[in-house]
Amino acid sequence: MEDSNLLEEAKKLLENSIVEYEGKPIGTLAAKDKSTKALNYNQIFIRDFAVSAFAFLFNGNHEIVKNFLEITLKLQSREEVMDCFLPAKGLMPASFKVSFKKGEKLVPDYGEKAIARVAPVDSVFWWLYILRAYVKKTDDWDFVHDKECQLAIKLILKLSLINRFDMFPTLLVPDGSFMIDRRMGVYGYPLEIQALFYTALLSAKELLTQNDENKIYFENIDKRLGHLVYHIRKYFWLDFKMLNKIYRFSIEEYNENALNQFNIFPESIPVWIFNWLGDDDGYFVGDLGPSRMDFRFFTAGNLLMIINSLADKKQSNAILKLISNRQKELVGEMPVKICYPALSGKEWKLLTGHDPKNIPWSYHNGGSWPVLMWNIAAAFVKMKKMDYLKRIIKIAEERLSKDNYPEYYDGMHNKLVGKEARSMQTWSIAGYIIAKTLLIEPEKLNILTFDESPEILSRAKNNGKELDY
Ligand code: GLC
């Protein structure tokens with residue numbers, strides 16, 4: 001099929017996945033695949049819809065995005081509860097569906113029905129990101145300034161800024177609380193959540209109404225953004241120079257000026273990293289907590305940090321360099337791996353709980369997800385590297401449509417259609433639409449990106465202690 005026909009085909013398929021409620025389009029199904037058990041793939045996921053929403057906004061279909069935002073506002077939990085089985089005030093569901101039992105109604109799932117009962121930490125952050133993209137595209141400030149919308153933003157800020165059992169700027173979260181919604185050793189301070197959290201705070205800063213009552217929110221958003229920039233740029237960053245420092249770290253330092261702040265044991269450095277990391281590239285590690293540096297490369301988090309400027313220019317270029325240096329593994333036959341390398345052996349047993357869906361090089365454990373083409377495209381366009389993006393899209397176009405837009409691919413080089421992958425996976429379709437559209441009309445990118453802010457950077461210097469390894 002011609003390239004332009006592929007884009008038209010994908011747009012039609014995205015339309016086909018639309019769900020209506022009370023006669024209005026309100027979202028998209030996760031997958032429109034009748035050949036396998038639906039499980040929850042017949043629902044509207046907030047994280048999946050974010051990708052559809054960006055594609056709809058690019059194509060001028062603003063109505064569905066506004067309807068979605070209105071509907072989900074009503075699904076945000078508004079009760080102050082001390083009941084462990086109820087969603088916390090401010091939480092948004094991972095997914096919801098339109099049910100016709102006893103009349104048409106919306107049925108949300110905050111984790112109480114989800115496989116393994118995983119609750120979403122990311123939904124609220126994706127929601128703010130969608131809202132920001134929507135208003136950036138439409139200028140519909142009346143909607144944003146409405147009481148309900150303002151309340152939703154403040155509840156999300158309270159939920160993520162107030163109550164916690166922690167002393168880091170990064171967010172402490174359980175395993176499987178985002179795109180990787182199964183046990184994968186991604187508990188603690190996973191990069192993707194930190195990148196989303198940062199995006200959400202930047203969004204809230206733009207969306208909250210400027211008034212005296214909101215001063216306290218603005219102050220705390222700014223403070224946290226500064227702490228996050230400092231912490232993540234400094235401690236999550238890994239290049240060869242840094243690796244060498246970690247390799248020679250002293251341990252058991254008890255004082256405020258410790259260089260090895262998190263007591264990382266050099267013995268925990270995995271051997272694969274020495275050959276994998278090039279002299280001219282680098283990336284943000286997957287997770288960082290007490291005596292724990294997860295050296296795996298997680299694609300979504302790293303690319304989001306380019307998109308929202310949490311990574312500085314040098315770091316952004318180094319990440320893109322790493323992706324092109326490691327094209328065989330990360331892009332292979334279909335873009336792009338969710339993480340590298342796969343967990344295997346005893347590590348797989350312990351960290352996934354023997355999960356047969358997440359065997360090495362499959363699904364969340366080193367599988368390849370076409371949806372991530374939107375992150376790839378946004379990051380490469382932002383850094384003005386169109387040629388490489390062109391090559392990646394060409395690789396995807398060889399198979400995506402022929403394979404019926406699978407949810408994911410398996411194997412070391414992303415050659416196999418995923419073992420249990422759904423077909424007609426909506427975010428694979430939307431991911432492709434975004435990538436292809438950005439290649440043709442790169443100016444459309446501005447609704448998704450954030451510029452580096454000198455104000456935030458100045459706070460990063462003031463708040464953090466200047467420590468050099
Ligand atoms: C799977 C994915 C999750 C996605 C959902 C719907 O559970 O792990 O990230 O949101 O499917 O597509």
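Given the structure is predicted, the values throughout are model-derived calculations rather than measurements. Numbering of ligands and ligand atoms starts at 1, following listing order.
Heavy atoms of Tyr363 found under 4.0 angstrom from ligand 1 belong exclusively to the side chain. Contacts with ligand 1 closer than 4.0 Å are made by no heavy atom of Arg182, backbone or side chain.
Side chains of Ser344 and Trp348: a donor-acceptor N/O pair is absent below 3.5 angstrom, by distance only. In summary, the side chains of Asn308 and Tyr129 do not present any donor paired with an acceptor at a separation below 3.5 Å, with no hydrogens or angles considered. With 3.5 Å as the limit, one finds no donor-acceptor pair spanning the side chains of Ser428 and Glu407. Counted by atom type alone, Trp427 and Ser52 present zero donor-acceptor pairs between their side chains at under 3.5 Å.
Within the listing of ligand 1, atoms 1 (C), 11 (O), 12 (O) sit less than 4.0 angstrom from a heavy atom of Tyr41. Numbered from 1 in the order shown, with element, the atoms of ligand 1 that lie under 4.0 Å from a heavy atom of Met179 read 2 (C), 3 (C), 8 (O), 9 (O). Of all the atoms in ligand 1, the ones that sit under 4.0 Å from a non-hydrogen atom of Glu407 are 1 (C), 11 (O). The atoms of ligand 1 that sit less than 4.0 Å from any heavy atom of Gln425 are 12 (O). Residue Trp427 has at least one heavy-atom neighbour below 4.0 Å for each of these atoms of ligand 1: 4 (C), 9 (O), 10 (O). In the vicinity of Ala30, heavy-atom distances shorter than 4.0 Å reach the ligand 1 atoms 6 (C), 12 (O).
Between Arg47 and ligand 1, an N or O atom pair is found at a separation short of 3.5 Å. Not a single N or O atom of Trp369, backbone or side chain, sits closer than 3.5 Å to an N or O atom of ligand 1.
Looking at atom 4 (C) of ligand 1, its nearest protein heavy atom turns out to be Asp48 OD1, 3.5 Å. Summary of contacts: the protein heavy atom closest to atom 7 (O) of ligand 1 is Asp181 OD2, 2.7 Å.
Geometrically, Arg326 does not engage Phe297 in a cation-pi contact, judged by NZ or CZ lying under 6.0 Å from the ring centre and within 45° of the ring axis.
Not a single heavy atom of Arg422 sits less than 4.0 Å from an atom of ligand 1.
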Walk me through it: do Asn414 and Lys337 pass the test side chain to side chain donor-acceptor pair (under 3.5 Å)?
CA-CA 8 Å; Asn414 317 332; Lys337 274 212 187 311; 2.4 Å; yes
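Without hydrogens or angle criteria, Asp410 side chain to Gly418 main chain gives no donor-acceptor distance under 3.5 Å.
Glu397 has a carboxylate O that lies under 4.0 Å from a charged side-chain N of Lys436, or vice versa, which qualifies the two as a salt bridge.
When each of Tyr408, Tyr405, Tyr409 is checked for a ring pair (Phe, Tyr, Trp, His ring centres under 6.0 Å) with Trp369, only Tyr408 meets the rule.
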